[in-house]
Amino acid sequence: MEFTAPLKLNHVFRKLYAKGESAVGSFVVVYCRRNGLPGNRLGITTGLKLGNAVCRNRARRRIREVYRLNEAKLRRGWDVVIVARSRSIDGDFRDMQRSFLHQCGKLGLLREEKS
RNA sequence: CAACCGGGCCGGACAGCCGCGCGCCGCAGCCGAAAGGCGCGUCGUGAGGAAAGUCCGGGCUCCACAGGGCAAGGAUAACGGGUAACGCCCGCCGAAGGCAACUUCAGGAAAAGUGCAACAGAGAGAUACCGCCCGCGCGAGCGGGUAAGGGUGGAAACGUGAGGUAAGAGCUCACGCACCGGCUGGAGACAGUCCGGCGCUGUAAACUCUAUCCGGAGCAACACCGUGGGGGAGACAAUGGCUGGCCCGGCCGUCUCCGGGAGGUGGCAUGGAGCGGACCGGCAACGGUUCCGCCAAGAUAGAUGGCUGUCCAAGACAGAACCCGGCUUACAGACCCGAUUGUAUC
C-alpha cells in the first residue's frame with residue numbers, strides 16, 4: 001500500500017472507538033480520527049462473533065482488499081479502524097466497495113474531486 | 001453385477017490482470033563514515049488431513065534440585081511383542097454381536113473387609129406367601145418338615161433326568177455347568193474328550209485392595225541488548241514468611257497498595273526418534289541402514305485475497321504460531337486395492 005501503515009497499538013484502537021467519528025454500513029463499521037502523521041494507519045477488527053479462524057481471515061483479507069483498491073481516493077493523515085460484520089465474509093464484493101466509499105464520504109475521508 | 005466389510009490415496013483444476021509474507025540475486029535510486037537499513041525489479045517459494053480439540057507421550061527451557069521420610073492425589077489394568085515413550089500400534093486370548101468378511105470391549109481382585117441391591121416379592125446368604133407332606137383339632141386353624149411347582153425380580157439355593165422319600169432336598173447316581181488343585185498342550189493369557197475336590201447371588205462406572213508409573217510450570221518458557229524506575233504509603237516485628245501437602249532439616253526481614261515504563265534480537269525452521277521405494281528379518285506393528293530418491297511457510301494486528309473466463313463429480317470440514325509421536329472430533333465428494341455374501345454365466 002502506498003501511504004498506509006498497519007495500526008497495532010491497542011490503546012489507539014480504544015481511543016478511536018471512544019472519540020473517533022464512525023459510520024455504520026451493512027458490511028463494515030468504519031471509525032476514523034486525524035493522527036497528525038503524513039500517512040494513514042489502518043486497523044482491522046474481526047471479532048470472535050464472526051466465526052472460526054477461516055471466516056475471520058477471509059473477512060480481514062476482503063476488507064484489506066477493499067481498502068487497497070480505494071486507497072488513492074482517501075485523504076491522508078488519518079487513523080482508520082474497520083470492524084467487520086458478518087456480510088463481509090461472503091457478500092458481493094462490488095456492493096461492499098460501494099458501501100465502503102459511501103461511508104467514507106459521510107465521514108469526509110474522500111479527497112476533493114479534482115475538476 | 002448388487003449389498004456389505006477392511007485398508008490406502010486425493011480433497012477443486014487451468015489461464016490472465018492487480019495485490020501480500022519470506023529467501024536469493026541485481027540496481028548510475030535514497031539514508032549512512034562504515035556495517036547496514038529503506039525502496040524498486042527479476043526469479044524461487046508460501047497452510048492441513050485433520051493445521052482443530054489441547055486429551056495422552058516425549059524433546060527443549062526455567063524453577064525445586066543438600067536432601068530424607070510420610071501421607072495424599074492422579075493415571076493405567078487379560079497375555080506376548082513394537083516403540084525414545086505412551087493411556088498409542090501389532091499379534092493373540094476371552095466375552096458380546098453378525099450367515100460371513102469382520103466389528104466392539106472401564107477385560108485385575110467380590111474366598112481381605114465395609115457398603116448397597118430401589119420398586120416388586122414371603123424371602124436378596126437371609127427367608128415358607130400360596131402349594132405339598134406329617135401331627136393335633138369337630139372346625140376355623142395351630143405346630144413342624146419341605147425350595148419339586150406357582151408368583152415377583154436383572155438376579156431366588158447349579159441345570160436336566162433317574163433313584164430316593166411322608167412330601168422333598170447334591171441326599172445318592174448319570175450327563176452337563178461354574179470355581180479350585182493336578183496333568184497335558186502353549187512363550188503366555190488360556191484351552192482340554194483326563195483325574196480329584198467343591199457347589200459360596202450381583203455390584204468395584206460404591207468405598208476399597210493389588211500391580212505398575214507420575215516433581216512443577218510452560219516458547220507470553222527462557223537467554224541477551226535496551227528503556228523506565230531505584231520511589232511513596234501502610235501493616236506485622238516472630239507466636240512471622242519461604243522451601244506451592246505435612247514432619248525433620250535448611251534459608252530469610254516479610255507482605256499489601258499506589259506511581260513510572262519502550263521495545264527489540266535470539267529461541268524459530270535445509271529438518272530429524274524425518275518421508276517414499278528396492279533388498280533382508282518378522283504373521284504383523286516394526287527393525288536393519290545396504291542402495292536409490294524426496295525434504296526449502298516461518299508470520300508477530302499475524303502473509304494465500306479480489307476480479308474475469310473455461311471444465312467437471314459443482315468444491316465439505318476448516319488456517320501453521322517452539323518442534324515431534326499418537327488419540328479424539330468435524331468432513332461434499334473422487335479414485336484404487338483386498339475380502340465376504342447373494343445372483344447370473346463358463
Side-chain angles (χ1 to χ4, degrees):
Chain A
M1 286 186 236
E2 294 289 324
F3 56 88
T4 303
L7 177 59
K8 15 184 161 179
L9 299 169
N10 195 36
H11 68 266
V12 180
F13 275 81
R14 275 194 302 237
K15 202 172 241 177
L16 260 90
Y17 293 144
K19 300 192 173 176
E21 300 289 313
S22 68
V24 180
S26 56
F27 293 86
V28 294
V29 182
V30 179
Y31 292 84
C32 66
R33 194 161 192 254
R34 299 191 77 93
N35 62 8
L37 298 170
N40 285 4
R41 290 189 297 183
L42 172 68
I44 300 173
T45 298
T46 51
L48 278 173
K49 269 198 287 183
L50 283 175
N52 57 29
V54 173
C55 294
R56 295 197 303 272
N57 269 340
R58 186 169 166 79
R60 195 181 312 128
R61 286 165 182 158
R62 283 165 63 98
I63 289 167
R64 206 193 341 265
E65 184 70 8
V66 166
Y67 182 90
R68 187 183 69 81
L69 290 171
N70 297 287
E71 185 188 23
K73 300 176 185 165
L74 301 179
R75 289 172 177 270
R76 305 186 183 192
W78 291 71
D79 282 343
V80 179
V81 165
I82 303 176
V83 178
R85 308 185 73 187
S86 59
R87 281 186 69 193
S88 58
I89 298 168
D90 51 6
D92 182 82
F93 191 75
R94 272 172 294 191
D95 290 347
M96 189 168 163
Q97 287 195 63
R98 235 175 276 135
S99 171
F100 173 72
L101 286 173
H102 180 70
Q103 285 167 260
C104 288
K106 265 188 173 170
L107 292 167
L109 274 172
L110 294 179
R111 304 177 79 165
E112 301 299 321
E113 287 296 322
K114 288 176 191 166
S115 50

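Order of the sequence lines sets the chain letters (A, B, ...), proteins ahead of strands, with each chain counted from 1. In what follows, every heavy atom counts, from backbone to side chain, and hydrogens, waters and symmetry copies are set aside.
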Whole-angstrom distance between [N] and [M], as gauged at atom [atom1]:
N      : M      : atom1 : result
B:C25  : B:U42  : C1'   : 8 Å
B:U256 : B:C248 : P     : 26 Å
B:C89  : B:U329 : P     : 12 Å
B:C322 : B:A220 : C1'   : 13 Å
B:G277 : B:G12  : P     : 24 Å
B:C327 : B:C275 : P     : 15 Å
B:U340 : B:G319 : C1'   : 42 Å
B:C92  : B:C63  : C1'   : 47 Å

Let's test your reading of the model: under 3.5 Å, does the base of B:G319 pair with the side chain of A:R61 as donor and acceptor?
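Indeed there is one.
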base_contact_polar (B:G306 base, A:E65 side chain, donor-acceptor, <3.5 Å)
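Absent.
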Before giving the answer on side-chain contact (heavy atoms from CB on, under 4.5 Å), spell out for A:R85 and A:V24 the whole-Å C-alpha distance, their side-chain angles and the decisive distance to 0.1 Å.
CA-CA 10 Å; A:R85 308 185 73 187; A:V24 180; 3.7 Å; yes
Assess the residue pair A:F100 and A:I82 against the criterion (side-chain contact (heavy atoms from CB on, under 4.5 Å)); give the C-alpha distance rounded to whole Å, side-chain angles, the decisive distance to 0.1 Å, and a yes or no.
CA-CA 10 Å; A:F100 173 72; A:I82 303 176; 3.8 Å; yes
Could you give the [atom1]-to-[atom2] distance, from [X] to [N], as a whole number of Å?
X     : N      : atom1 : atom2 : result
A:D92 : B:U308 : CG    : P     : 9 Å
A:F93 : B:C18  : CZ    : C1'   : 11 Å
A:Q97 : B:G305 : CD    : P     : 17 Å
A:E71 : B:G19  : CD    : P     : 12 Å
A:I63 : B:G302 : CD1   : P     : 12 Å
A:I89 : B:G319 : CD1   : P     : 12 Å
A:R68 : B:G19  : CZ    : C1'   : 4 Å
A:R98 : B:C307 : CZ    : P     : 13 Å

For a 4.5 angstrom cut-off between non-hydrogen side-chain atoms, does [X] reach [Y]?
X      : Y     : value
A:S86  : A:L50 : yes
A:N57  : A:R60 : yes
A:R87  : A:S26 : yes
A:Q103 : A:V28 : yes
A:F93  : A:V66 : yes

Return no unless some side-chain N or O of [X] is found under 4.0 Å from OP1 or OP2 of [N].
X     : N      : value
A:R62 : B:G306 : yes
A:N52 : B:G319 : yes
A:R94 : B:U308 : yes

Only pairs with both distances under 3.5 Å count, Watson-Crick or wobble alike; so what is the partner of [N] in this structure?
N      : value
B:C311 : B:G12
B:C224 : B:G264
B:C142 : B:G135
B:A109 : B:U208
B:A52  : B:U328
B:U160 : B:A174
B:A269 : none
B:U42  : none

When you check the gap from the basic side-chain N to the acidic O, do A:R68 and A:E65 get nearer than 4.0 Å?
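Counted as a salt bridge, because a side-chain N and a carboxylate O are separated by less than 4.0 Å.
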Would you mind calling [N] syn or anti? Take O4'-C1'-N9-C4 for purines or O4'-C1'-N1-C2 for pyrimidines, and syn is within 90° of 0.
N      : result
B:G170 : syn
B:A47  : syn
B:G244 : syn
B:G125 : syn

Which listed nucleotide ([options]) is nearest to the side chain of [X]?
X     : options                : value
A:R58 : B:U308, B:G305, B:A320 : B:G305
A:R60 : B:A303, B:G319, B:G305 : B:A303
A:V54 : B:G306, B:G319, B:G19  : B:G319

By the 4.0 Å heavy-atom rule, please label A:N57 as base, sugar-phosphate, or nothing.
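Result for A:N57 = base.
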